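Worth knowing before you read on, the calculation uses all heavy atoms, side chains too, and leaves out hydrogens, waters and symmetry mates. What you see is a predicted model; the values in this text were computed from it and never measured. Starting from 1, each residue takes its place in the sequence as its number.
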Amino acid sequence: MTTQHATAASEYLEVIREQFIGQKQLADKALAQIEGADYHVAIDPESNSIATIIKHIAGNAISRWTDFLTSDGEKPDRHRDSEFEDNFTSKEEILAYWERGWDCVFLAVNALTEDDLLKTIYIRAEPHTVIKAINRQISHYGYHVGQIVFLAKHFRSDSWKTLSIARNKSNDFKP
């Protein structure tokens, strides 16, 4: 690997670590604004509650990131369909599972080296470079974190505390 490629690979690993941290922090800030009952509300019969979105993200993370470089990312003991059944009994149980999933992400991502990025791994027996698999996961988690933020904001309505630049405040952030 040339020095330029090593620098790019190192930068990529740093960026993806920041991206995963950012996704989790964004969701955590939204979750901190809602009540326990809000976790279980689906806004219509075809929608998921925050609890089921969390269950899905965590289930996916545990499956994809456990033994990331050495086993298929779709583990035999994962039951994806059951991730969309809200059977949590408490907010604490939901958040514990959420943390368990993210622990798998960070353990695997923090262990990656530049030499790992072009290795081939498998998800549902489909080959992916590590880069492709990482990008797939960042996109997937971002999609669902956006759903969590949307629902939390909906539930808080007028009492919502913005997670980014507040409406009509963009000029405050111009250089």
Donor-acceptor list for residues 13-31 side chains, cut-off 3.5 Å, not counting sequence neighbours:
residue, atom, partner, partner atom, Å
Arg17, NE, Val109, O, 3.4
Arg17, NE, Asn110, OD1, 3.4
Arg17, NH2, Val109, O, 3.2
Arg17, NH2, Leu112, O, 3.1
Lys24, NZ, Asp28, OD2, 2.6
Lys24, NZ, Glu99, OE1, 3.4
Lys24, NZ, Glu99, OE2, 2.9
Asp28, OD1, Trp98, NE1, 2.8

Indicate every side-chain donor-acceptor pair of residues 121-129 with a distance under 3.5 Å to a residue at least two apart or in another chain.
residue, atom, partner, partner atom, Å
His128, ND1, Glu126, O, 2.9
His128, NE2, Arg136, NH1, 2.9
Thr129, OG1, Lys132, N, 3.0

Only distances under 3.5 Å count here; give the side-chain donor-acceptor pairs of residues 155-162 to other protein atoms, sequence neighbours excluded, each with its distance to 0.1 Å.
residue, atom, partner, partner atom, Å
Arg156, NH1, Asp38, OD2, 2.5
Ser159, OG, Arg156, O, 2.8
Thr162, OG1, Ser164, N, 3.4

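Annotation: side chain of Val105 is not in contact with side chain of Gln137 (no heavy-atom distance under 4.5 Å). For the pair Tyr143 and Ile57, the minimum side-chain heavy-atom distance is 4.5 Å or more. Residues Glu74 and Arg64 form a side-chain contact, since some pair of their non-hydrogen atoms from C-beta on lies under 4.5 Å apart. By the 4.5 Å heavy-atom criterion applied to side chains, Trp65 and Asp103 are not counted as neighbours.
Listed by first and then second residue, the salt bridge (Lys or Arg N to Asp or Glu O under 4.0 Å) pairs involving residues 79-91 are Arg78-Glu83 (not counting sequence neighbours). Among pairs with a residue in residues 73-93, those fulfilling ring-ring contact (aromatic ring centres under 6.0 Å, His included) read His56-Phe84, at least two apart in sequence or across chains.
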Inset, instruction - Quick one: do Tyr39 and Leu95 satisfy side-chain contact (heavy atoms from CB on, under 4.5 Å)? Show the steps, please. - result: CA-CA 10 Å; Tyr39 282 81; Leu95 294 177; 3.8 Å; yes
Inset, instruction - Start with the C-alpha distance between Val130 and Leu118, add both sets of side-chain angles, then the distance that settles side-chain contact (heavy atoms from CB on, under 4.5 Å), and finish with yes or no. - result: CA-CA 6 Å; Val130 167; Leu118 296 178; over 6 Å; no
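Taken to the nearest 0.5 Å, the CD atom of Gln147 stands 8.5 Å off from the OG1 atom of Thr52. Remark: Asp67 CG to Cys104 SG distance equals 9.5 Å, nearest 0.5 Å.
The hydrophobic cluster around Leu107 extends to none of the other residues, as no ILVMFWY side-chain heavy atom falls under 4.5 Å of it.
Heavy atoms only, all atoms of each residue included: Gly101 and Ala61 are closest at O-CB, 3.4 Å. Contact between Ser63 and Lys75 at its shortest, heavy atoms only, is O-NZ, 2.5 Å.
Tested against Leu151, the residues Ile43, Val41, Asn48, Ile34 include a single side-chain contact (heavy atoms from CB on, under 4.5 Å) partner, Ile43.
Side chains of Thr113 and Asp116: a donor-acceptor N/O pair is present below 3.5 angstrom, by distance only.
Taking the six-membered ring where tryptophan is involved, the planes of His144 and His140 are perpendicular, since the angle between them exceeds 60° and thus also 30°.
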